[in-house]
Amino acid sequence: MTECHRTPDQARRDYGAGLLKSAVLVRVPMSRTDWMIRLLGRKGDEGMLLDVATLEPAVYRSLDRAAAALEQIGFAVERLQSA
């Protein structure tokens, strides 16, 4: 697995080019409400969606905000499924 982190603009570009196949919402450790987005690429690459200002993983304060970020990239959010 190759690590390949992306900013929102890079994620939109890569989604449009067919390079991203899916995304996973990951709970921030030690938090009940904060979420991050892990992007999964077609070639087995994975990486976090980054905050442009800090280049650290972007943290969303609710599932609604994380889902909205996925939709802005281009993903259709149709359901949430627990493991």
Side-chain angles (χ1 to χ4, degrees):
M1 168 185 61
T2 303
E3 288 286 323
C4 187
H5 306 299
R6 294 169 172 92
T7 65
D9 285 340
Q10 292 168 333
R12 273 190 290 280
R13 176 200 66 208
D14 290 351
Y15 182 83
L19 299 175
L20 293 177
K21 68 176 182 177
S22 62
V24 177
L25 298 179
V26 180
R27 191 184 303 266
V28 173
M30 307 295 289
S31 172
R32 294 188 50 88
T33 59
D34 295 345
W35 297 86
M36 299 180 292
I37 296 175
R38 186 150 192 85
L39 301 167
L40 308 169
R42 293 233 178 257
K43 296 182 179 180
D45 55 318
E46 294 184 13
M48 302 304 289
L49 185 64
L50 302 178
D51 181 296
V52 175
T54 64
L55 295 181
E56 294 291 325
V59 175
Y60 299 91
R61 302 290 178 201
S62 70
L63 283 172
D64 285 338
R65 289 181 180 176
L70 287 174
E71 291 175 331
Q72 289 176 355
I73 291 169
F75 288 104
V77 178
E78 299 173 2
R79 67 180 180 177
L80 296 176
Q81 182 176 340
S82 66

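Under the rule for a salt bridge (Lys or Arg N to Asp or Glu O under 4.0 Å), the partners of Arg61 that lie at least two apart in sequence or sit in another chain are Asp34. Looking at residues two or more places apart in sequence or on another chain, you find a side chain to side chain contact (heavy atoms under 4.5 Å, CB included) between Tyr15 and Leu20, Ile73, Phe75. Evaluation of the side chain to side chain contact (heavy atoms under 4.5 Å, CB included) rule for Leu63 yields Leu25, Trp35, Leu80 as partners, not counting sequence neighbours. With sequence neighbours excluded, the residues forming a salt bridge (Lys or Arg N to Asp or Glu O under 4.0 Å) with Arg12 are Asp9, listed by chain and number. With sequence neighbours left out, the side-chain hydrogen bond (donor to acceptor under 3.5 Å, both in side chains) criterion links Ser62 to no other residue. Residues passing the salt bridge (Lys or Arg N to Asp or Glu O under 4.0 Å) test with Asp51, sequence neighbours excluded: none.
Atom CG of residue Asp14 and atom CZ of residue Arg6 lie 4.5 Å apart, to the nearest 0.5 angstrom. Note that CE of Met48 is 13.0 Å distant from SG of Cys4, once rounded to the nearest 0.5 Å. Atom CD in Glu46 sits 5.0 Å away from atom CG in Leu40 (nearest 0.5 Å).
The shortest distance between side-chain heavy atoms of Thr33 and Val28 does not fall below 4.5 Å.
For Arg38 (side chain) and Met36 (main-chain N/O), no donor-acceptor pair under 3.5 Å exists by modelled atom type. Listed for the His5 side chain is no donor-acceptor partner under 3.5 Å among the backbone atoms of Gly47.
Nearest heavy-atom pair, Val77 versus Ala67, reported as atom, atom and distance to 0.1 Å: CG2-O, 3.8 Å.
Within a 6.0 Å radius of CZ in Arg27, more than 12 heavy atoms belonging to other residues, nucleotides or ligands are found.
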